[in-house]
Amino acid sequence: MNSTLRPLPNKDRETALYLKLASILVSLIATVYILYILRETIIPIAFSILLAILLHPVCLWLERHRVPRIGSILLSILSLFIVLVVLVYVVSLQIGSFAEELPRITDKAETILDQTLTMGERYLNISRSQQVSEAKKYLINALSEGRAVLLSTLVTTTGAISTFILIPLYIFFFLLYRDFFRRFFHKAITNVPNEALDVLLKKIYEVIQSYLSGLFLVILIVGVLNSIGLLILGIPHAIFFGFLAGFLILIPYIGILIGSVLPALLAVVTMDSPWYALGVVGVMGFVQFLEGNFITPNIVGSKVSVNPLAAIVALFLGGQLWGLAGLILALPVTAILKVVFDTIPSMEPYGFLLGEPVHEVQEDKKEAETQHPVEKEFKKKPYRRYRNKPRQRPDGTVPPANNPAI
């Protein structure tokens with residue numbers, strides 16, 4: 001009996017540790033491989049879950065007003081579809097008005113090109129024919145490389161669009177069977193009490209809800225600020241380019257800078273001075289500074305408290321795994337992982353690593369203060385006993401405690 005209670009030898013413990021690390025590594029590789037191979041199916045499901053959580057309050061509001069669940073779900077999906085149609089219509093109008101100015105932009109571009117060739121001939125001693133031939137060579141190479149990229153993008157996009165048609169159907173069933181899925185988690189995870197599991201699911205719901213609702217408000221604010229800055233500079237189609245850059249914050253940290261490239265090029269072509277292009281980049285860079293340091297932290301709040309380093313790494317990994325969809329899904333998925341890690345005691349250090357340093361340190365201090373109230377109370381007791389101790393009379397007797405003469 002005693003031999004069974006003896007600890008494992010060092011070699012056996014090292015072997016068990018290596019086996020555990022190997023199993024974790026193999027599981028991680030298998031998970032990444034499955035996520036990559038099945039990306040055309042998993043990505044629409046992931047977006048459907050996010051949109052279903054976004055529409056869930058609308059469904060609850062309709063159900064409280066005695067609308068059946070199926071009717072409330074259909075009305076919610078219809079409202080989302082109407083919003084998307086209106087956005088597409090507005091964008092198409094802006095693109096149409098932008099296309100009307102293409103002849104003027106083309107003439108301006110030809111003038112700038114002629115000035116560039118003249119400067120090259122004057123200062124670099126390169127003839128116009130040589131400059132044109134070199135430019136044609138680089139253009140042909142770029143077009144040949146871009147054609148392959150464009151074809152692969154079109155094939156991927158066509159498959160993605162055909163798969164994304166199923167998103168409304170996914171949203172409908174996720175909202176319809178939400179109680180059923182909760183019961184599934186209760187039955188599948190038996191080693192965790194149902195109350196604790198409900199708290200975890202509620203935290204994940206709050207994280208996604210606060211992220212999505214806050215993100216739409218941030219897009220609106222950033223679009224307005226960009227539009228005001230471009231209108232002050234006098235850039236054509238300022239509202240269109242301002243909100244385009246606002247929507248590109250779906251790609252965190254670099255989205256607004258990507259959105260500033262097109263209006264900057266337009267400023268170079270249409271305006272009299274190249275300083276306008278620099279002003280466009282400066283305005284949008286300043287708006288991005290406000291968005292990253294003030295707007296998003298105050299609107300989205302500390303519920304999505306992922307530090308910038310973890311966010312950047314997640315963006316690169318998501319982009320390599322799922323492309324543009326991975327860039328959009330990287331932050332909410334990382335925030336969900338942080339909530340799960342914070343709930344599981346053995347994974348809590350990893351949740352700490354993903355969080356904001358200031359926020360995590362404050363949480364640790366609060367936990368330390370709540371875990372050691374007894375020591376503080378013990379330090380105060382001697383002083384309290386001394387303070388409340390009744391004083392002796394001159395004759396050496398002690399008056400009773402309830403004597404009002406004390």
Q: Output the distance between atom CZ (R69) and atom CG (L74), rounded to the nearest 0.5 Å.
A: 13.0 Å
Q) Which heavy-atom pair separates A311 from L331 by the least distance, and what is that distance? A) CB-CD2, 3.5 Å
Q | Considering all heavy atoms, the nearest S79-S76 contact | A | OG-O, 2.5 Å
Q | V90 side chain near F240 side chain, heavy-atom distance below 4.5 Å | A | no
(Q) Please report the interatomic distance CG(L315) to CG(L327), rounded to the nearest 0.5 Å. (A) 6.0 Å
Q) Can you tell me how far CZ of F173 sits from CD1 of I73, rounded to the nearest 0.5 angstrom? A) 9.5 Å
Q: Give me the ring orientation class for Y170 and F174: parallel if the planes are under 30° apart, tilted from 30 to 60°, perpendicular past 60°.
A: tilted
Q) Are F241 and V280 close enough that some pair of their side-chain heavy atoms sits under 4.5 Å apart? A) no
Q: Working to the nearest 0.5 Å, report the span between CG of L215 and CD1 of I208.
A: 13.0 Å
Q: Validate the cation-pi geometry between R39 and Y36: distance from NZ or CZ to the six-membered ring centre under 6.0 Å, angle to the ring axis within 45°.
A: yes
Q. Quick one: ring pair (Phe, Tyr, Trp, His ring centres under 6.0 Å) pairs with a partner in residues 58-97, sequence neighbours left out?
A. W61-H65
Residues 44-59 side chain polar contacts: donor-acceptor under 3.5 Å, at least two apart:
from : atom 1 : to   : atom 2 : distance (Å)
S48  : OG     : P44  : O      : 2.6
H56  : ND1    : Y205 : OH     : 3.0

Q) Nearest 0.5 Å, what's the CG-CZ distance between D198 and R182? A) 6.5 Å
(Q) Taking the side chain as everything from C-beta on, heavy atoms only, tell me whether F185 gets closer than 4.5 Å to L200. (A) no
Q.
Salt bridge check, K202 against E195: does any charged N sit closer than 4.0 Å to a carboxylate O?
A. no
